[in-house]
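Order of appearance sets the numbers: ligands from 1, and atoms from 1 within every ligand.
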Amino acid sequence: MSDNQIISSNPLVREANAMVPVYGQLPFVPERAFGCDIYTNDGRCILDLYGGHAVAALGYSHPKQIKIITDQCGKLLFQSNVVALDIRAQAAEKLINITPKELNRVFFVNSGAEANENALRMACMASGRKKILAITHGFHGRTAAAAAITWNAERWYGFAEKPFEVDFIARDDIESAKRMINDDIAAVIFEPVQGVAGGYDLSTKFIRALRKLTKAHGALLIADEVQSGMGRCGKFFAVDIHDVAPDILTSAKALGGGIPCGAVLCSEEVASSFGNGDLGTTFGGGPLAAAAIVATIDIINEENLLYNVCQSEVAIRKKCITGPIKKIQGKGLLLGLICDRPAVEVRDALLEQNILTGTSSDPNVIRILAPLILKSEHIDQLAKALKNITPLNN
Ligand code: PLP
């Protein structure tokens, strides 16, 4: 630290002094959290409807989650994929059980972008083709290949790396899909509900058309469920809402409920294209991550959280079109609340009332990515806070 930098006990100041300045940070410092509540270092209690970018599916300090994770820490913190582990086998089996039945192989990684990188690599290797189609407004991560398939990559990263040929199908435009999907395409990648774009749910017709067209042309269909998956949309994976089985599905974020991890699921047929050494990672599928995955899946099932997500969506749609909110899009607890003014103003006005929401790449949409354990009183709290914000046309 240079001499002229402020010496402060405030983590906001210390991080600003010590870290690469790439995050616009919110004006509070969490110290601990329980359920859906974050307690700050200055005594505030903030209702977290953003869940750490859709990660905290089980909320915070869930006793069973903590027990499974800490037990694993005490037993075996790490071993790589060079050895087989009971906890990794459990995580793989449980994950296969909750995905469409056509997907019965797993490759563990560490994050969403890494899951997508591997999915693309797998699609190119399995198909022997190099052209990828993505969907306009999609977001897939920040590594080079993931950036290449992210809509408007230049805007996000200042450059557009394209390690392979990439083109974009206009979202929900079946005619555009028909024109673009041909025998040169290795894969089409899509988010069933576009998260960063503000909880925009692609239509069933469009998703089914992608499935039909990719099959007809020998291309693979990749569902990026990094944000929409693990129960967030009311089913374990959002493709189930549309009764569509992709060839490859990527998962991360809520998968470990807060412990970093990711997974690529694929069909037996796709998996059969690979042999020893074709893919690899040091940390992916480590015992701690595997235990976290087991905890997430078990708790979602035991506490019937998928049902809770569906009920929560109904209640939010009923109660929260009020104040600055004109319309709601999305599924389950991946919702985009369309505002009558810049979303950032609504986000800030809610934060002043101790409710945390997120913005999105759509300047008028705030995102709800609440823990799946959300309760009806939290929804009432949100509705009340929104009512306190005067609509613009009043
Ligand atoms: N895919 C989707 C749909 C995402 O929303 C994100 C992150 O927001 C990613 C991929 C990248 O995940 P990660 O930040 O874990 O690399």
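The protein heavy atom nearest to atom 1 (N) of ligand 1 is D224 OD2, 2.8 Å. For atom 5 (O) of ligand 1, the closest heavy atom belonging to the protein is Q227 NE2, 2.8 Å.
Here the straight-line distance linking atom CD of E313 with atom CG of L335 works out to 5.5 Å at 0.5 Å rounding. Atom CE in M122 sits 7.5 Å away from atom CZ in F107 (nearest 0.5 Å). A distance of 9.0 Å separates CG of L26 from CG of L12, quoted to the nearest 0.5 Å.
Residue K253 approaches ligand 1 through these ligand atoms, each under 4.0 Å from one of its heavy atoms: 5 (O), 6 (C), 7 (C), 8 (O). The contact set between ligand 1 and S111, taken as ligand atoms under 4.0 Å from a residue heavy atom, comprises 15 (O), 16 (O). Listed by number with element, the atoms of ligand 1 under 4.0 angstrom from any heavy atom of V226 are 1 (N), 2 (C), 4 (C), 6 (C), 9 (C), 10 (C), 12 (O). Interface atoms of ligand 1 facing H140, defined by a heavy-atom separation under 4.0 Å, are 1 (N), 9 (C), 10 (C).
H217 and N182 share no donor-acceptor pair across their side chains, judged by distance under 3.5 Å alone. S228 and E225 form a side-chain donor-acceptor contact under 3.5 Å, judged by distance and modelled atom types alone. A donor atom on one side chain and an acceptor atom on the other are not found under 3.5 Å apart for Q227 and E191.
The shortest side-chain heavy-atom distance between T204 and V244 does not fall under the 4.5 Å cut-off. By the 4.5 Å heavy-atom criterion applied to side chains, R121 and C124 are not counted as neighbours.
Between G112 and ligand 1, a contact under 3.5 Å exists for at least one N or O pair. An N or O contact shorter than 3.5 Å is missing between E114 and ligand 1 by distance.
Of the protein's heavy atoms, at least one falls inside 4.0 Å of atom 15 (O) of ligand 1.
At a heavy-atom cutoff of 4.0 Å, ligand 1 is contacted by no atom of H53, backbone or side chain. Looking at E191 against ligand 1, only its side chain comes within 4.0 Å, counting heavy atoms. At a 4.0 Å heavy-atom cut-off, ligand 1 touches N116 through the side chain alone. With a 4.0 Å cut-off on non-hydrogen atoms, A113 touches ligand 1 through its backbone as well as its side chain.
Checked options E269, E93, E268; the residue passing with R105 is E268 (criterion: salt bridge (charged side-chain N to carboxylate O under 4.0 Å, His left out)).
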